[in-house]
Amino acid sequence: MTILEARAAAHAPDASDDDDEFDRTPDRAPGLHAWVEQIAALTEPDRVVWCDGSDRERHELTKVLLDEGKLIRLNGEYRPGSYLARSDPDDVARVESRTFICSASREDAGPTNNWVDPAEMKTELTARLRGAMRGRTLYVVPFSMGPVGGRLSKLGVQLTDSAYVVLSMHIMTRVGAAPRALIESGEPWVKALHSVGCPLVDEAGVRHPDVEWPCNPDKYIAHFPHEREIWSFGSGYGGNALLGKKSFALRIASVIARDEGWLAEHMLLIKLTSPAGRRFHLAAAFPSACGKTNLAMLRSTLPGWSVETLGDDIAWLRQGEDGRLWAINPEAGFFGVAPGTGESTNPNAMQTIWGNTIFTNAALTDDGDVWWEGMTAQPPAHLVDWTGADWTPGLGRPAAHPNARFTVPAAQCPSIADDWEAHDGVPLDAIIFGGRRASNVPLVLEARDWNHGVFLGATIASEQTAAAEGAVGELRRDPFAMLPFCGYNMADYWAHWVSVGRRLGPQAPKIFQVNWFRKGSDGRYLWPGFGDNVRVLAWIAARLEAGNAETGRGAGDASAADGPLGVVPAPGALDVSGLDLAESDLAELFAVDPAAWLAEAELTEEFFAGFGERVPSELHAELAELRARLTRADGGRP
Ligand SMILES: Nc1nc2c(ncn2[C@@H]2O[C@H](COP(=O)(O)OP(=O)(O)OP(=O)(O)O)[C@@H](O)[C@H]2O)c(=O)[nH]1
Ligand SMILES: O=C([O-])CC(=O)C(=O)O
Ligand SMILES: [Mn+2]
C-alpha cells in the first residue's frame, strides 16, 4: 500500500481492519516487527507505513505535506523540487536541557550530561507516548549510517509520526530496502523512536485540526546507551528529530565506538590537494555553527590548492588493517546553517542548494524563493519572514531565524569528492580542533604529539551560537566540540582518545588547533576566513610533509617555531600573499598573553576537577607542561 492509498483507506469507513501494513510484512526480523507492533499499540497511530526510500515515496510524502500546509512549494524556476517549512517558534534548535543520557549510573553519563535512571525515563516517556500518535501515521524508516554494507557503517530504524522527518531522513541517511534487508538478515541495529507528541484525536475520541508544525512544549531527547536506543518526544527540529544524526551518529555511536575501539566524532572531512598534487585527508571538529560546513566546502583562494568535500558534520574514525586511522562520513546529506551562507562566503553551498532542498525557517521572497541574512549583501524590499509575518528591511529583526537550515543531498555539492561514499573511507592525515574565540586562541598551532592534541581538544572553549538554546556569545567549554554529543562520561572519552593514540603510535594523524574568529580591539575579525582558510590548511600540509620527511615531530624545519601553546608557523611560513592584512593584525592573530593563559589554565584545572579521578593522568601532565611553558614565557615568574 502506498502512503496516499493508506491515507485514503484510513479515512474509509471500514479501514481499521486492513490498514496495518505491517500485518502483511513477512516476519523475517522478529525484533523489528515486534518493536513496531509494540510502539504502534502504545502510540495508537491511524496507520503504519513501512518506508522504502523511493522517489515515489518522496513524492507522496511531499504531496501529503503540501496538502496539510506543512510545506510551501518554492518557485520551480529558481529552486526546483524545493520546499520551505516554518517551525513552531519554540521549536527552532536543539534542546540541550531536555537531552538525556540514560546510562545505568549517573557517573557513566558524567557531569556534562543530563542523567535520568533508564527505567524511570522509560516509564515517564511511555506515559507521554501513550496515544501520542492518535490520528497520525507511524512511519517505519530503516536506514544506514554510512554506505549500505560498508565496513564502518551502522544500521538503524526510526519510527516517526512526522512526514517532514521522513523526507529529511531520505536526504540525510540511506533509507530503504537495502538497509532493511541487512537488518532482517540479523545485523545489529539501533532503535530510534520519535514522536512530535501532538496527537490529533483526544482521549474522548474527538479529532482536532492539525497545525503547520506539530510539536509539544515538553520535550525529551533521551538516549539509552546500553540498549542502543533513542526515544525522542515533542520536537520536529532536525537535531532533535532526525535521529540518525546527533542522537545516533554521535551519542549512541560514541558509546559503540568506545566499546569497539573506534571514534565517533563531530567532524567535517575533506581532501586537500597541493599544487604538487599531494593529497591529504583532514578531519576538523568545531562546535555547532562554528564553521564546519564552510570549511568542508572551502573554495581555495590560493592558486593550485583545492579542497574537496567528504562530510560536513560527523566522521567515524577506525583503525584500518594498515594501522592507519580511516574515516567515513556516515551521513548522506547536509543539514546546514543558512544565515551567513552566500556567494561571497560559501559558493559551493549556494550551488549545492540549487534544488531538491528543504529549507526550514528561512524567509520567503515575493517571487517564491528563499532568503536569509548574508545570502546577498542587500535584502529584498519585501519578504515573508520565518514566522509568516510581513517583513521589510529596517524592522530591526532578522527575516530568517538565525538557526534557519537547509537539508540537501550531499551528492549535489559541486565540491563533493569522487570517493565520498568509499566503503572503507579515507586514510586520515590530520585532525583539527577549533572554536569561536574572540581572544586568546591563535589562528593556528600544531600539537607537539597526540596527547598534547588530546589536551587541546579537551580544553576547547567556544562562544555559544544559535544552534542550541542558551545565551548566544557566552563562552563555554566544548571539549572536542562534543559537549552536547558525547554519550558517556567525557573524562572516559578523553581516556579513550589517549588509548586510541597509543594504539596508532607513529601512524597517528597529527593534531592541530585553529581559530578563525579572533577579533581586534575594535571588534572586527582579524582573519578574512572562508576561502582564505586554505592558507592555514596549506601550512598544515607543509607540516605533514615535514613530519613525513623527519622521523620526529615538533618544530625542527623552516616552516615552524616553538611557542608556549604549541608549534606555530615560523615568520613568513604562513602564505598571506595578496591579503589585505596589516602586519599588526597578523601579529595579533598569533599573540599569546601568558597572564591570560595562566588564568585560562586555572579554569582548565577547575574544569578537570569537575570530572574527579576519571581525568586521564596524561591530561594533567599536559596542563602542568603548559603552565611551565607559560611561566617561562612570562619571564619565569611563578
Ligand atoms: N568570520 C568567519 N565566519 C565564518 C567562517 N566560517 C564560517 N563562518 C560563519 O559561521 C557560521 C556557521 O558556519 P557553519 O559552517 O554553518 O558552521 P557548522 O559548524 O557547520 O555548524 P553546524 O551545522 O551547526 O554544526 C555561519 O554564519 C558562517 O558564515 C570563517 O572562516 N570566518
Ligand atoms: O544538530 C543540529 O540540530 C544541527 C547541528 O548540526 C548542530 O547543532 O550541531
Ligand atoms: Mn554544519
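Atoms within each ligand, like the ligands themselves, are counted from 1 in listed order.
- Below 30°, between 30° and 60°, or above 60°: for F248 and W316 the angle between ring planes is between 30° and 60°, a tilted geometry.
- In terms of protein heavy-atom proximity, atom 26 (C) of ligand 1 is nearest to P339 O, 3.9 Å.
- L574 has its side chain within reach of L443: a pair of non-hydrogen atoms, C-beta onward, lies under 4.5 Å apart.
- Heavy-atom contacts of R436 reach the following atoms of ligand 1: 10 (O), 11 (C) (cutoff under 4.0 Å).
- A salt bridge links E96 to R476: one of the charged nitrogens lies within less than 4.0 Å of a carboxylate oxygen.
- In terms of protein heavy atoms, atom 30 (C) of ligand 1 is closest to F530 N, 3.7 Å.
- If you check which protein heavy atom lies closest to atom 18 (P) of ligand 1, you get K292 N, 3.3 Å.
- When only interatomic distances are considered, the shortest N/O to N/O separation between K246 and ligand 1 does not fall below 3.5 Å.
- Distances from ligand 2 to the non-hydrogen atoms of K292 include no value under 4.0 Å.
- Side chains of E265 and W497: a donor-acceptor N/O pair is present below 3.5 angstrom, by distance only.
- Among the atoms of T293, an N, O or S atom is found under 2.8 Å from the Mn ion (ligand 3).
- At a 4.0 Å heavy-atom cut-off, ligand 1 touches N533 through the side chain alone.
- The closest heavy-atom contact to atom 6 (O) of ligand 2, among the options K246, E96, R94, comes from K246.
- Under 4.0 Å from ligand 2, not a single heavy atom of N240 appears.
- Considering backbone and side-chain atoms alike, A289 places an N or O below 3.5 Å from some N or O of ligand 1.
- Ring geometry, F233 versus Y220: the interplanar angle exceeds 60°, so the pair is classed perpendicular (tilted spans 30 to 60°).
- For ligand 2, the atoms closer than 4.0 angstrom to any heavy atom of G239 are 1 (O), 2 (C), 3 (O).
- If you look at K245 next to ligand 1, there are no close heavy atoms at all, none under 4.0 Å.
- Inter-residue side-chain proximity for V370 and F406 is flagged as unmet; no heavy-atom pair is nearer than 4.5 Å.
- Close contacts between ligand 1 and D313 involve ligand atoms 25 (O) [criterion: under 4.0 Å to a heavy atom].
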*Apply salt bridge (Lys or Arg N to Asp or Glu O under 4.0 Å) to K70 and E212, showing your working.*
CA-CA 5 Å; K70 291 174 180 158; E212 218 182 299; over 6 Å; no
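- Contact analysis leaves G374 out of contact with ligand 1, as no non-hydrogen atom separation drops below 4.0 angstrom.
- Geometrically, K292 does not engage F286 in a cation-pi contact, judged by NZ or CZ lying under 6.0 Å from the ring centre and within 45° of the ring axis.
- Near G340, the atoms of ligand 1 lying under 4.0 angstrom from a non-hydrogen atom of the residue are 27 (O), 29 (O).
- Looking at atom 9 (O) of ligand 2, its nearest protein heavy atom turns out to be S288 OG, 2.4 Å.
- From the protein, the heavy atom lying nearest to atom 28 (C) of ligand 1 is N294 ND2, 3.6 Å.
- For a threshold of 3.5 Å applied to N or O pairs, the pair formed by T293 and ligand 1 contains at least one separation below that value.
- Between D218 and R128, at least one side-chain N (NZ, or NE/NH1/NH2) sits under 4.0 Å from a carboxylate O, which counts as a salt bridge.
- A cation-pi contact, defined as under 6.0 Å to the ring centre and within 45° of the axis, is absent between R251 and F485.
- Put simply, CZ on R405 and OG1 on T360 are 10.0 Å apart, with the number rounded to the nearest 0.5 Å.
- At least one test fails for R437 against the ring of F517: distance under 6.0 Å to the centre or angle within 45° of the axis.
- The side-chain heavy atoms of M350 and T341, taken from C-beta on, include a pair separated by under 4.5 Å.
- Of all the heavy atoms of F517, the ones lying under 4.0 Å from any atom of ligand 1 belong exclusively to the side chain.
- Closest heavy-atom approach to atom 24 (O) of ligand 1 among the candidates R405, K519, M297: R405.
- Looking only at atom types and distance, the side chain of R535 has no donor-acceptor partner in the side chain of N533 under 3.5 Å away.
- Here the side chains of K271 and V307 are not in contact, with every heavy-atom distance at 4.5 Å or above.
- Taking the ring axis of Y488 as reference, the NZ or CZ atom of R258 stays within 45° of it and closer than 6.0 Å to the ring centre.
- The K245 neighbourhood of ligand 2 comprises atoms 6 (O), with distances under 4.0 Å to a heavy atom of that residue.
- Comparing F286, Y525, W527 against atom 1 (N) of ligand 1, the shortest heavy-atom distance belongs to Y525.
- Taking distance alone, with nitrogen or oxygen atoms compared against 3.5 Å, T341 stays at or beyond that limit from ligand 1.
- The distance from ligand 1 to the heavy atoms of G291 drops below 4.0 Å at these ligand atoms: 6 (N), 7 (C), 12 (C), 13 (O), 14 (P), 15 (O), 17 (O), 18 (P), 19 (O).
- Near Y237, with a cut-off below 4.0 Å to any heavy atom, the atoms of ligand 2 are 2 (C), 3 (O), 4 (C).
- Close approach to P287 involves these atoms of ligand 1, each under 4.0 Å from a residue heavy atom: 19 (O).
- With a heavy-atom cut-off of 4.0 Å, C290 touches ligand 1 through its backbone alone.
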